[in-house]
Amino acid sequence: TLEEPPPHVKFLLATTDPKRLPVTVLSRCLQFNLTRLSISQLTAHLGAILDAEGVSYGAEALQLIAQSAAGSVRDALSLLDQAIAHGDGRVEPSEVAAMLGAVDHDRVFKLLDAVIEGDGHALVLTARDLSEYVPDYAQVLAELLSLLRRIAVVHALEDRAHDLEPDSEVIDLARRLSPETCQLFYQIALTGRHDLTMTPDSEAGFEMILIRMLAFRPATAAQIDREDTA
């Protein structure tokens, strides 16, 4: 049937792994590689679906789902179904965050603020407060990485930062964090997220990643001069 289909028949094959299709099938196909959607596109798509279905939702909840789906419409719809069931017919940020093991943005901002200030006491207390919500610590690190990326973009845009970053709190953090330190924190969090799977206790491993940010910072010119003088 594939070799000689009748004129009125069209086959549409959809897959995320075309290598698993036989070569004899692929050779008879026109291939269209579909890119993943951006978070804003996916959020808008989910919102349109819920509006059509008359389901109540919060915009932040849809953004959490879109981020977790990483641009995949199929994964986003699957998570949306779970969120509706989890929230008893409503899609609310707190319910979605609990379902995904995520934490609200304010807590992530507080973690980074404590790191920037070098306040170990506030950092450890904020990190341990998270344990009450039994979060997915890899997801918390992902949120921290996303925040550091936004700060790095502000550094790169300089005077035009407001063009792409509407959140004044992110811009304020960027003013207090040097580009070099931001890059170092990003690398520590990225490496730590990978190492988290090898720690016997994910909560303790997460805490150590944050403390590592306090311990390692780029040396300032004044520090280098003092060391050279000594």
Side-chain angles (χ1 to χ4, degrees), residues 1-2 5 8-23 25-26 28-109 111 130 132-150 153 164-167 170 186 189-190 192-194 196-197 202 206:
T1 304
L2 281 173
H8 63 281
V9 174
K10 303 294 182 187
F11 293 99
L12 295 178
L13 308 178
T15 179
T16 55
D17 191 2
K19 295 190 294 294
R20 296 182 64 182
L21 290 173
V23 176
V25 174
L26 285 176
R28 292 171 170 82
C29 294
L30 286 175
Q31 293 188 49
F32 299 92
N33 296 317
L34 305 181
T35 60
R36 291 177 177 269
L37 297 186
S38 67
I39 291 176
S40 59
Q41 289 175 320
L42 197 47
T43 300
H45 181 59
L46 297 177
I49 292 173
L50 294 181
D51 287 338
E53 296 294 332
V55 176
S56 174
Y57 65 90
E60 188 178 339
L62 299 190
Q63 189 169 17
L64 285 172
I65 292 174
Q67 288 173 340
S68 184
S72 169
V73 177
R74 180 187 61 184
D75 292 348
L77 293 178
S78 177
L79 289 172
L80 186 62
D81 282 340
Q82 295 176 43
I84 293 172
H86 189 81
D88 195 21
R90 298 167 61 89
V91 183
E92 298 296 335
S94 59
E95 297 290 338
V96 171
M99 181 188 80
L100 297 175
V103 295
D104 63 71
H105 292 173
D106 287 344
R107 295 183 183 277
V108 177
F109 274 83
L111 285 172
L130 292 178
E132 298 178 11
Y133 302 90
V134 194
D136 177 350
Y137 286 103
Q139 180 62 30
V140 179
L141 284 173
E143 290 288 333
L144 183 57
L145 284 165
S146 177
L147 177 56
L148 288 167
R149 179 194 63 81
R150 292 167 66 185
V153 170
L164 292 180
E165 182 50 68
D167 193 333
V170 174
Y186 187 93
L190 187 65
R193 192 165 185 253
H194 175 267
L196 200 61
T197 58
S202 59
F206 175 73

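Summarising the geometry of Val108 relative to Leu147, their closest heavy-atom pair is CG1-CD2, 4.1 Å, with the distance given to 0.1 Å. For Leu13 against Cys29, the heavy-atom pair with the smallest separation is CD1-SG, 4.2 Å. Across every non-hydrogen atom of Ala138 and Leu196, the tightest pair is N-CD2, 3.6 Å. The two residues Leu141 and Gly192 come nearest to each other via the heavy atoms CD1-C, 4.2 Å. Summarising the geometry of Pro93 relative to Gly58, their closest heavy-atom pair is CD-CA, 4.3 Å, with the distance given to 0.1 Å. Closest approach of Val55 and Gly89 over heavy atoms only: CG1-O, 3.4 Å.
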* **Residue pair Leu111, Phe206: steps toward the side-chain contact (heavy atoms from CB on, under 4.5 Å) verdict** => CA-CA 12 Å; Leu111 285 172; Phe206 175 73; 3.9 Å; yes

* To do: Determine, step by step, whether Glu143 and Leu64 satisfy the side-chain contact (heavy atoms from CB on, under 4.5 Å) criterion, reporting the C-alpha distance in whole Å, the side-chain angles of both residues, the deciding distance to 0.1 Å, and the verdict.
  => CA-CA 10 Å; Glu143 290 288 333; Leu64 285 172; 4.2 Å; yes

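Rounding to the nearest 0.5 Å places CG of Leu77 at 7.0 Å from CG of Asp81. In this structure, CG in Leu79 is found 11.5 Å from CZ in Arg74, a value given to the nearest 0.5 Å.
A search for salt bridge (charged side-chain N to carboxylate O under 4.0 Å, His left out) contacts involving Asp17 returns Lys19, not counting sequence neighbours. Residues forming a side chain to side chain donor-acceptor pair (under 3.5 Å) with Thr35 (at least two apart in sequence, or on another chain): none. Every residue two or more places apart in sequence or in another chain was checked for a salt bridge (charged side-chain N to carboxylate O under 4.0 Å, His left out) with Arg193, and none qualifies. Remark: Arg90 pairs with Ser56, Glu92 by the side chain to side chain contact (heavy atoms under 4.5 Å, CB included) rule, at least two apart or across chains.
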Quiz: residues 40-51 side-chain donor-acceptor pairs under 3.5 angstrom, not counting sequence neighbours:
unit_1, atom_1, unit_2, atom_2, d
Ser40, OG, Ser38, OG, 3.1
Gln41, OE1, Ser38, N, 3.0
Gln41, OE1, Ser38, OG, 3.3
Thr43, OG1, Ile39, O, 2.7
Asp51, OD1, Tyr57, OH, 3.2
Asp51, OD2, Tyr57, OH, 3.4

Exercise answer: donor-acceptor pairs, residues 65-73 side-chain atoms, under 3.5 Å, sequence neighbours excluded:
unit_1, atom_1, unit_2, atom_2, d
Ser72, OG, Asp75, N, 3.2

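Shown here is Gln31, whose CD atom has more than 12 heavy atoms of other residues, nucleotides or ligands within 6.0 Å.
At a threshold of 4.5 Å between non-hydrogen side-chain atoms, the residues Leu80 and Leu62 count as touching.
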